[in-house]
2 protein chains.
Amino acid sequence: MLTFEIMLEVDENKSLEGNVELVPQLTLDCVIFGFHGSSLKVLLLKWKGTEYYSLPGGTVKQEESLDDAAIRVLKERTGLDKIFLRQFYTFGKVERYDRESIRKKLAHLVNPDLWYKRPISVGYYALVDFEEVFPNPDLLSESCGWWDLSDVPELLFDHNEILEKALHALRLELSFQPVGLNLLPEKFTMPDMMRMYEAILGKKIDPRNFQKKILKSGIVIKLDEVKKGVAHKSPFLYKFDANKYEEVLKEGGLFFI
Amino acid sequence: MLTFEIMLEVDENKSLEGNVELVPQLTLDCVIFGFHGSSLKVLLLKWKGTEYYSLPGGTVKQEESLDDAAIRVLKERTGLDKIFLRQFYTFGKVERYDRESIRKKLAHLVNPDLWYKRPISVGYYALVDFEEVFPNPDLLSESCGWWDLSDVPELLFDHNEILEKALHALRLELSFQPVGLNLLPEKFTMPDMMRMYEAILGKKIDPRNFQKKILKSGIVIKLDEVKKGVAHKSPFLYKFDANKYEEVLKEGGLFFI
């Protein structure tokens with residue numbers, strides 16, 4: 001059973017926490033990706049007293065850069081300080097907020113008449129180690145949790161489109177950014193790594209070619225250790241050679257698309 | 001000899017053309033790339049009565065999407081209606097505008113006290129056919145012209161950084177976007193195309209491998225025509241097979257980086 005205080009009368013130019021002045025008509029939306037088991041996951045907020053979900057987001061203070069605002073929002077939602085973060089697109093269609101739809105769904109929480117114009121929203125995606133995150137809801141949400149990418153429901157506002165675009169950006173940057181270093185735990189097996197690529201690309205990869213290509217690139221170091229608790233043959237563990245990984249990415253040599 | 005009307009008292013929330021309401025504290029900056037001879041060029045504005053240059057830019061009207069605002073600005077500066085246009089990054093550092101520096105350089109044109117907070121600027125890059133553009137200055141500039149990428153002077157505001165980032169985005173997208181289709185004239189030689197890749201990547205390419213790779217990809221059609229006015233052996237002309245080009249890009253099969 002949930003109890004609500006008062007409906008939040010959001011003043012566009014003031015922060016919820018007090019009198020900090022905000023950049024008007026500007027927001028951030030964050031697509032926080034994690035990887036667990038064999039699937040790519042994304043962090044969603046459930047709005048108080050509703051069955052509606054959205055991406056985590058926030059506002060930008062006048063004395064804060066866009067990147068700093070994104071770092072702050074991500075720390076609030078995940079508890080993590082150091083996060084791999086990329087700005088990927090800014091959303092600015094006139095019709096991105098439908099006031100009547102907001103009124104119908106969220107009238108007990110917000111007054112859409114105070115959001116009288118569409119905000120421009122800067123999209124960031126983040127890659128986090130699933131096991132290190134403690135999801136934390138914001139003022140308007142009752143829970144914050146991981147969703148399998150394939151189970152994501154219809155989201156509020158234009159957030160399905162934002163998620164789609166973030167995934168597209170992640171795919172394009174898979175060859176240029178240290179994605180594995182940020183999504184995988186410190187030690188991982190070759191099948192773990194392959195499943196991460198498959199989850200991001202949304203397609204099957206040939207395991208033999210994959211292993212050959214990764215080993216040839218030199219970006220991973222084979223450890224003298226196997227993964228326990230796995231049926232049959234225990235697979236070897238690997239870790240990244242961060243310097244070599246960076247070098248190979250700079251040369252653009254890791255193409256799976 | 002130049003004569004100035006009055007200094008423009010720019011109201012952040014109103015358009016220069018009249019009472020159209022603008023999205024506050026938000027601007028656009030456009031990096032317009034063209035290709036000519038063997039070099040990549042960019043369109044710069046020279047501010048009235050100064051030796052200072054900047055990228056073309058503009059504001060966003062309340063009833064206009066970001067993309068529509070960029071299309072409008074590009075049409076105003078180039079005369080072109082249909083332009084290949086990509087949003088690549090949004091610039092939002094607190095210190096991106098230095099009021100004292102603006103006062104020193106542009107005091108006869110603008111009153112920086114009216115720009116009391118840093119604008120957030122959405123960066124777009126455009127690829128245009130050099131030969132079809134008629135550069136056109138804006139209200140604050142006396143000329144608008146092409147500059148070789150290697151000769152670009154120190155620009156106003158953070159525009160050198162914006163240009164750098166646009167070039168980086170163009171390099172990354174060279175394999176996924178129909179760059180050649182937009183930068184080259186309808187008919188071109190193999191050396192023309194190679195020089196375009198070299199200009200964007202900023203490095204030499206092996207001509208034999210290049211020709212082999214391009215021909216194998218099937219994205220160009222050899223015409224029964226040679227380029228005239230070239231010394232010695234006249235090289236054959238080619239044109240793009242637009243459908244095949246699109247198909248190959250979708251598969252991500254054109255890597256030169």
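A, B, ... follow the sequence lines: proteins, then strands. Residue 1 opens every chain. Both backbone and side-chain heavy atoms feed into the values below; hydrogens, waters and symmetry mates do not. The shown structure was predicted, so the numbers you read here are calculated from the model rather than taken from an experiment.
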dist R96(B):CZ -> S65(A):OG (nearest 0.5 Å) comes out at 12.0 Å

Determine, step by step, whether V23(B) and K117(A) satisfy the side-chain contact (heavy atoms from CB on, under 4.5 Å) criterion, reporting the C-alpha distance in whole Å, the side-chain angles of both residues, the deciding distance to 0.1 Å, and the verdict.
CA-CA 9 Å; V23(B) 178; K117(A) 287 157 194 157; over 6 Å; no

Which atoms of E95(A) come close to chain B, meaning under 4.5 Å heavy atom to heavy atom: side chain ones, backbone ones, both, or neither?
neither

Measuring from atom CG of L26(B) to atom CD of Q25(A), what distance do you get when rounded to the nearest 0.5 angstrom?
8.5 Å

Between CD of Q87(B) and CZ of F91(A), what distance do you get to the nearest 0.5 Å?
8.0 Å

Are Q62(A) and V94(B) close enough that some pair of their side-chain heavy atoms sits under 4.5 Å apart?
no

Which atoms of E63(B) are under 4.5 Å from chain A, going by heavy atoms: the side chain, the backbone, both sets, or neither?
backbone

If I measure from the heavy atoms of chain A, does D67(B) come under 4.5 Å with its side chain, its backbone, both, or neither?
side chain

So, taking the atom named CD1 in I120(B) and the one named CD1 in I120(A), what distance separates them when rounded to the nearest 0.5 Å?
11.0 Å

Quick one, L66(A) with K93(B), criterion side-chain contact (heavy atoms from CB on, under 4.5 Å). Give me CA distance, side-chain angles, the key distance, then yes/no.
CA-CA 7 Å; L66(A) 289 177; K93(B) 284 185 192 156; over 6 Å; no

